[in-house]
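Quick note: numbers below take in every heavy atom, side chains included, and nothing from hydrogens, waters or symmetry partners. As the structure is a computational prediction, the values presented were derived from the model and not from experiment. First the proteins, then the strands, lettered A, B, ... as listed; each starts at 1.
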Amino acid sequence: MVLGPTGIGKTSAGIILAKEFNSVIISADSRQIYKEIPVGTAAPTPDQQVLVPHYLIGSHSIHDYYNAFEFEQDALKLSELLFNIHDIIFMVGGSMMYIDAFCNGIDDLPTVDDQVRQGLMEKYKNEGIESIRRQLKQLDPDFYNQVDLKNPKRVIHAVEICIMTGKPYSQLRTNPRKNRPFQIIKIGLDMDRGQLYDRINQRVLAMMDGNLEKEAFGLIEHQKLNALNTVGYKELFEYLNNKISKEKAIELIQRNSRHYAKKQLSWFRRDKEINWFHPSHVKEMIELIKTSHIN
RNA sequence: GGUACCAUAGCUCAGUAGGUAGAGCAACGGACUGAAAAUCCGUGUGUCCCUGGUUCGAUUCCAGGUGGUACCA
């Protein structure tokens, strides 16, 4: 498992490692999985994918419904197949919740019906969060006491699950720690924060020199899709809708990418199983894999 | 060279009728169970340019210095 903040160089480090072990890569990236947005997500290029076979890159459409549970299922199925051929396989990505679902498992909850979600969204818009909170307090007082009541998504989702199952959401949250039939070695990539931010800022400029604007322009009719509520696209849609200048959009993409990197580091920091490396220290990573790998 | 104005947080700037200071942005820290590149919460981080003077006390007043800007030469 190679993880780390956006822009740190997971893709190239992962390719070097996978080549070294003559192996393959399963991506753990909630946005590179969509085939329509390779530029803004800095997905591995066709050239890179020739060097090492990649899975779950561009395998889905922005119109598909996808989530962490489905990722867990897809990635587990793939790994089962691939372990028949390879002794070691690599997972490379930075989507925290996807990685967590793959490593530790995630509760099997029903997919939320579109009508239920739409109905609650309407209620939220018209009556405000307080009304959803009251509903949650009634349906699941336990969860009401532990949830972040200021976070609409959390509150709404809990109510959704209560409605879908007819049971309190808190009863369905078992916080699983599933055992996997394979060993997981976690390699985290990190570097000086200022250098990382420089890399991120420059990568955004490189994307703009590339085809990011064209990519976003081509998707403008789908701008409401969740898959496009993504750094790089939401800002460009603002620009293409004449809400902000192009320069402002670029600044915002850079800033939001930095914020995202910080958030990823904040999440990964509390996982004590992660072995941290500078992205250039590939030899040390190989050494770690060789010494900790149990046949 | 002369005159005027300015110098406070990473940046742009407020302010203190003399009691060591605060906004916006940036930054930093955190939460996280099917939307997660999402969503949400928290935190001022400071030789108030330097050296003297007045004062119980100076970032604030005074003098000189340094740097910047504008105008005049």
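Among B/U33, B/G42, B/U39, the nucleotide with an atom closest to any side-chain atom of A/K150 is B/G42. Each of B/A35, B/C32, B/C40 was ranked by its minimum atom distance to the side chain of A/R154; first place goes to B/C32. Nearest to the side-chain atoms of A/H157 among the listed nucleotides B/C32, B/A26, B/G34 stands B/G34. Relative to the side chain of A/M121, the nucleotides B/C32, B/G34, B/A35 differ in distance, and B/A35 lies closest. Taking only side-chain atoms of A/D107, from C-beta outward, the nucleotide of B/C41, B/G34, B/A36 with the closest atom is B/G34. Listed nucleotides B/U33, B/C28, B/A26 differ in distance to A/N175; the shortest reach to its side chain belongs to B/U33. Closest to the side chain of A/R173, from the set B/G34, B/A27, B/U33, is B/U33. The A/W267 side chain lies nearest to B/C32 when the options are B/A27, B/G34, B/C32. Listed candidates were B/G34, B/G42, B/A27. Nearest to the side chain of A/H259 is B/A27. Considering only the side chain of A/R269, B/G29 comes nearest among B/A27, B/G29, B/A35.
For the P atoms, the distance from B/G18 to B/C62 is 11 Å, rounded to whole Å. Here the separation of B/U45 from B/A21, taken at their C1' atoms, is 14 Å to the nearest Å. Distance noted for atom C1' between B/G19 and B/C48: 15 Å (whole Å). Atom C1' of B/A9 sits at a distance of 23 Å from the matching atom of B/C5, rounded to the whole Å. Nucleotides B/C49 and B/A14 are separated by 14 Å at their P atoms, to the nearest Å.
Among the protein residues, A/Y197 comes within range of the sugar-phosphate backbone only, with heavy atoms under 4.0 Å from sugar or phosphate atoms but none that close to a base. Residue-level contact check: A/R270 touches the bases, meaning some heavy atom is under 4.0 Å from a base atom. Among the heavy atoms of the strands lying under 4.0 Å from A/D29 is at least one base atom, whether or not backbone atoms are also near. Among the protein residues, A/Y34 comes within range of no part of the nucleic acid, since none of its heavy atoms lies under 4.0 Å from any strand. Contact annotation for A/Y233: no contact, since no heavy-atom pair falls under 4.0 Å across all strands. Counting non-hydrogen atoms under 4.0 angstrom, A/D108 reaches a base of the nucleic acid. The residue A/S95 sits close only to the backbone: its heavy atoms come under 4.0 Å of sugar-phosphate atoms, none of a base. Contact annotation for A/S257: no contact, since no heavy-atom pair falls under 4.0 Å across all strands. As judged by a 4.0 angstrom heavy-atom cut-off over every strand, A/G40 is placed among the base-contacting residues. A/P152 comes within contact range of the sugar-phosphate backbone alone, with a heavy-atom separation under 4.0 Å but no base atom that close. Within 4.0 Å of A/Y65, counting heavy atoms only, lie sugar-phosphate atoms of the nucleic acid but no base atom.
Considering only heavy atoms from C-beta on, A/V2 stays 4.5 Å or farther from A/M285 through its side chain.
Base-pair partner of B/C25: B/G10 (Watson-Crick or G-U wobble, both distances under 3.5 Å). Base pairing of B/G1 is made with B/C72, judged by Watson-Crick or G-U wobble geometry with both donor-acceptor distances under 3.5 Å. Pairing of B/U20, defined by two Watson-Crick or G-U wobble distances under 3.5 Å, is not identified with any nucleotide. Shown here, B/C40 forms a base pair with B/G30; the pair counts as Watson-Crick or G-U wobble because both key distances fall under 3.5 Å. Across every strand in view, B/U59 sits unpaired, with no contact that passes the Watson-Crick or G-U test at under 3.5 angstrom. In this structure B/G64 sits in a base pair with B/C50, meeting the Watson-Crick or G-U test at under 3.5 Å.
Remark: A/K178 NZ is packed, more than 12 non-hydrogen atoms of other residues, nucleotides or ligands lying under 6.0 Å away.
Salt bridge absent: A/K150 and A/E130 never bring a charged side-chain N and a carboxylate O closer than 4.0 Å. In summary, A/K186 and A/D271 engage in a salt bridge, as defined by a charged side-chain N under 4.0 Å from a carboxylate O. Comment: A/K246 engages A/E213 in a salt bridge, judged by a side-chain N to carboxylate O separation of less than 4.0 angstrom. Salt-bridge formation is not detected for the pair A/R133/A/E127: no Lys NZ or Arg NE/NH1/NH2 atom is positioned less than 4.0 Å from an Asp or Glu carboxylate oxygen.
Side-chain to base pairing of A/K263 with B/G30: no donor and acceptor N or O lie closer than 3.5 Å to each other.
When rounded to the nearest whole Å, the span between CG of A/N67 and C1' of B/G34 equals 4 Å. The CE atom of A/M164 sits 16 Å away from the C1' atom of B/U33 (whole-angstrom rounding).
The backbone N or O of A/P5 sits less than 3.5 Å from a side-chain atom of A/K10, completing a donor-acceptor pair.
B/G65 adopts an anti glycosidic conformation, its chi angle falling more than 90° from 0.
For the residue pair A/Q135 and A/K123, a side-chain donor N or O sits within less than 3.5 Å of a side-chain acceptor on the partner.
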